[in-house]
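Notes follow the structure.
Excluded from the calculations below are hydrogen atoms, water molecules and symmetry mates; all remaining heavy atoms, backbone and side chain alike, are included. Counting from 1, the numbers follow the sequence of the chain as shown.
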Amino acid sequence: MEKFGYESLDEEHIRIIELLPGSDMDSIKCNLTSEPRRDSRDTYDAISYAWGDPKDTVEITCNNKSMSITSSLAGALRTVRSRHSPHRLWADAICINQQRSHEKNHQVKRIGQVYENAREVMVWLGHDKDHVARECFNLIERWTLYLDEQLQIYRHVQDIPSFEPPEFDESDRARGLKLKALMSRSWFSRVWVVQEAGMAKECSLLWGNQRMPFATLIEFACFCNGRTNIMKLMGGDDATFGFWRMVFVCVFRTYENMTSWRRSRPLIKSLCEKRTAGLFLDVLQIGKSLSATDPRDHIYAFLGNPLAEQLSLEPDYERSEGDVYLDAASAILGSRHESPYSLCFVQHASADEVTGSQGPSWIPRWRRVEESRRMIYTIGNLGLSHKAGGPANRLQYRIDRAQNLLSVQGIMFDSLTWVSKPLRKENFALDPAQWDPKLRTSNQTHLDVLWNEAAVGVRNIDRYHDFSFTIVTGYNNPRFIKRREHRTIFKAYLKALHRARNEEPHGLNDKEACNASRYEVNARNCTKRCLAVTEHGRFALVPQFAQVGDQCCVVLGMVTPFVVRAADRMAGCYHLVGEAYVNGVMKHELVGDDDCDLPSIDRLVYTTLQNEGFATEDQHPKNSAFEVGDAAVERDGSVDNDIVTEDLIVLLGDDDSTASEAEVNDGGPRAKRVAADEDLLDSPETATDSTTPAPPSNPNWWHDDDDFPETAKRFRLAEQEPSRSDPMRPHTSSSRASSIMAMKRTSSSDGWKSTLASSASWKRMLSSITRSMLDGLEVFEKYVKALREKKEPYDGAKVRSLIDAFAPALMTHPKDEV
C-alpha cells in the first residue's frame, strides 16, 4: 500500500481525524481532512496520551494509504472507536506533520487552542493488564465524595479534624497500594499532558475500559495536601498526589477558559476563585519534574499558558536546546513581572554546571537529569516577603549573546567561611523514623549537630534564633514572621522534637502542636541546600554546591541574595552558584529603598573618626553601603578621577567566542540621565576582555527601568573562562573594615573618587578586630537599620556612643591605612 504523505497546512487550519467504526480486533482505518480552526470548534474530541516507544509501531490506513503510529496511540484509538458511527478526533502524531519543522512551529504555538476547543479531552492511560483500574477509580471517587461532604460542613480543608471516615475499612489500605500503579502510568510523567488536560472543557481518564473524571483525581490530590493522615489510611504515596496538587495551583488555575472541569468540584472551584497572578517561572519549574523526548519541549509545551504571552517566545525547532534556554532566560529577564525572580530558578544539578562547563551558569536548565517528582522550592518567589535587592525597578542588566554573558548591578557584601553537607528535610521531621540511621542512634537531633558545628564561639540565645530562623528561610511566607512569633513557634518545635527523640508522649497542647508542625513543614525549604556561616558571622542557607570562599552578593531589583564564585582565569568575573537566604539582608537592608536617603554606615563612621582626629577631609567615603573592589579605573597605570564606576557581575559563556554582540532594549529616561551625568555606561571596567569592548555611552546598551538609581554597584558572573586574559583588576574579598576606604577628592562637582588600600593592610587591620568589637558593630548596624526604617529618631550622641564600641580598633593603625 502507498505511504501516506501530508499536504501543506497553514496556521489558520487544523487537521481532523475521522475514525471509522470497527470492533476491537479490526484494523484501524481513518480519514484525515483539513478544516478552518473557527469551523471545527466543539466538533471533535482530543486524545491526550504518552507516545511510548517510538520503535513499537502499528500500521493503520489513513485516506486509503499506509501510516505508522505508536502502539500507545493505536490502543487509544481502538478504545474510543465506535462500533457503529465515525468519531471525529484530534491526535498530535497524526494531525501534525512531525517531520516538518515549519509546520510544527506554528501548530505547537496554538496547540492549547486545540484542546480548549475540543468537546472533551480523553486521557489514555494504557491497558489495564492487572485489572486494578476499577478498584482504584472507585476508591478515589468514594473518598473524594466523603471529603467534599466534610468540606461543606467545615468550609476549610485545614479545619477538617483528624478522622477515619465511616466507610473506611482495612481493605482500603490494600486498595490504596494499587494507587501507585495508577500514578506510575507514563502519562503522569509527560510534560505535554499538563497543557492538554488543563485547557479542556471536559476531561476523563481512560484506563483500559474504565473511566473517571480527571477533576475527581485533582480534587482528591488537593485534599491530600498537608493531610498526610489520608494517605496513611489508604497506604498511598502522598508525594505523588502532592505534586499534582502543585500542578493544579501553579499551572491549571492560571488558564483563563471559563468553561472547564476546573470548576466542577467544590475544593478546586474555590482554589480557582482565589487565583492570583502567577509566574511563568513556576510553570516551567513544574515542567522540570516531567519528561519530554525533545528537551526544547520543556519550554514549548507551556507557551500556550496565559503567563507566557508577555514573553513573546515562539517555538522554533531549528534552534538548539541551549539557544532555546537562552531565549527563554532573555525574555524572562525582560519581563518586569518575572525578572526579579529569574536567577532564583537557577538550580544546578552538578558541580560542573556551576563552573559553566555545561553551559552558562546564569541560565536556568528546565530539564532535570534524575527522574523525581519532588519539588525543589525556590527561596525567592512571587508573593513572598523577601526583597533583598530592593524594588524591581532597580534592575539593570546587559546580555552579550556572542559570549553568553550577563552583566547586572549589585553589592558584594560577604563570603562563606563554613558550609555544611547538603541538608535533608527528613532529618528535621518530628518522626525520628525518617531520620538518617546514624542520627537515630545518637543522643542528638540534627538541629543540635548543625548548631555545634556552625556556632563555635557565638553561642548565645539571639544567635540561636538567627540560626533556627535561617533553617526555614525566615518561613518564606507572604506574611513576614516576626522574631517574637518565631520564638514561640520554635520553642514548641524543640519541645516536640526532643520528646520524639526520647520516645516520650508529646505533651503539647493544640496550639503548641500546630506551631511545631508549622516549623517542621517549613523546613522543607532546606532540601538540597547547605547551612553556611559567612565571614561576618551571618547564618545562610546556600545551594548544595556552594564552597568555602564563595562570595555573597545582592543584585539590585532581585528578591534574594546570591552565591557567586570567582572565575579562575578572569578577574572580576563570577560563576553563579545560586540563590541564598542570608540572615539579616533579606529586607533590602543593604540597598535601602527609594524613600530613604540616610547616610551609610561608612559615612557615619567617617564623621566620628574625623571628629576624633583620625581622618582628614580628603579621606571621605562614598555614600554607598559595604562597597568592595576597585571603585576607580586605571588607565595606563594612572587613576582616572573623572569616572565613577562600580563592580560588575558577568556570567561567561563559550570560550571560543570571538565577537561581542550585546542584546539591547530601550533604556529609561533616568538611565539616560545617569549615563549623561556620570559616564556610568561608558567605563572600560565593563569590558570583559580584549574582544569585548567597553559599552558606548548609548543607554540602550543596558536593559533597565525608568527608576534605576543613580548609584549602584556592578558585578560580573562568569560561565566559562575565556581564552583571553581579562584586563580588569581582581576584586578583593568583602569585609566590614574594608568598606572604610581611603579616598581622594577631585572637585566639588565631581564628587568623591575612591581607591582601595592594599589587601595586606586590610588583612593586618582585620586581624586586630576582636569579637567584642564586631558585636558592637552589629548593635550599631541594628540602630542604623532602625533609622532607615524610620523606627527611631536620629540621635548624634547615641551614634557616637555606639561607634565608640568598635572604633578604637582603628585608632591603633596609621592614618594612611584608615
Side-chain angles (χ1 to χ4, degrees), residues 24 47-50 52-53 71-72 75-76 78-80 121-150 157 160 162-190 193-194 196-197 203-248 261 264-265 267-268 289-291 371-375 433-434:
D24 292 343
I47 299 177
S48 177
Y49 66 104
D53 185 353
S71 294
S72 176
R78 285 194 170 96
T79 300
V80 304
V121 173
M122 297 179 291
V123 174
W124 172 243
L125 299 179
H127 298 291
D128 179 24
K129 296 180 180 179
D130 297 323
H131 307 290
V132 298
R134 181 190 295 274
E135 288 188 351
C136 281
F137 285 173
N138 286 345
L139 183 64
I140 293 173
E141 288 176 325
R142 184 159 58 90
W143 271 77
T144 304
L145 178 61
Y146 168 78
L147 292 168
D148 283 344
E149 291 171 351
Q150 296 295 301
V157 175
I160 300 175
S162 299
F163 53 84
E164 285 198 14
E167 64 271 29
F168 172 77
D169 58 54
E170 283 301 319
S171 62
D172 275 1
R173 185 179 301 276
R175 295 190 188 102
L177 295 175
K178 297 176 182 177
L179 290 176
K180 184 176 181 180
L182 168 63
M183 301 309 294
S184 63
R185 305 304 298 174
S186 58
W187 183 88
F188 290 101
S189 67
R190 303 298 294 171
V193 305
V194 174
E196 295 166 2
C203 186
S204 298
L205 297 175
L206 277 64
W207 192 7
N209 295 321
Q210 302 300 313
R211 177 186 288 252
M212 181 180 74
F214 185 59
T216 303
L217 179 72
I218 298 301
E219 178 89 345
F220 178 73
C222 289
F223 271 116
C224 289
N225 181 59
R227 301 304 300 264
T228 55
N229 52 342
I230 296 177
M231 282 293 106
K232 286 179 180 178
L233 288 171
M234 297 177 63
D237 180 9
D238 182 60
T240 302
F241 286 100
F243 173 77
W244 279 94
R245 192 262 182 187
M246 293 297 297
V247 173
F248 179 82
W261 60 266
S264 63
R265 303 298 294 246
L267 179 55
I268 58 178
S289 296
L290 300 169
S291 56
E371 289 292 332
S372 173
R373 296 292 169 270
R374 175 175 290 183
M375 292 290 294
Q434 299 184 44

Practice task
Calculate, to the nearest 0.5 Å, the distance between atoms CG and CZ belonging to L205 and F137 respectively.
Solution key: 5.0 Å

Problem - Distance (rounded to the nearest 0.5 Å) between Q150 CD and L145 CG - result: 10.5 Å

Problem - side chain to side chain donor-acceptor pair (under 3.5 Å) partners of D148, counting only residues at least two apart - result: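 Once residues adjacent in sequence are excluded, the partners of D148 under the side chain to side chain donor-acceptor pair (under 3.5 Å) criterion are R265.
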
Practice task
Using side chain to side chain contact (heavy atoms under 4.5 Å, CB included) as the criterion, list what pairs up with S184, not counting sequence neighbours.
Solution key: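 Applying side chain to side chain contact (heavy atoms under 4.5 Å, CB included) to S184 gives none.
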
Can you check whether [X] reaches [Y] side chain to side chain, under 4.5 Å on heavy atoms?
X	Y	answer
L217	I140	yes
F188	W244	yes
L125	L182	yes

Exercise for the section: Count the heavy atoms of every other residue, nucleotide or ligand shown that sit under 6.0 Å from CG of N209, and state whether that count exceeds 12. Expected result: no

Problem - Donor-acceptor contact below 3.5 Å, side chain S291 vs main chain S189 - result: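 The answer is yes, because a donor-acceptor pair under 3.5 Å joins these two groups.
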
Problem - Backbone N/O of G75 and side chain of W124: donor-acceptor pair under 3.5 Å - result: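 Absent.
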
Practice task
With sequence neighbours excluded, tell me which residues meet salt bridge (charged side-chain N to carboxylate O under 4.0 Å, His left out) with R211.
Solution key: E120

Practice task
Measure the acute angle between the ring planes of F248 and W261, then classify it against the limits of 30° and 60° as parallel, tilted or perpendicular.
Solution key: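 Tilted.
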
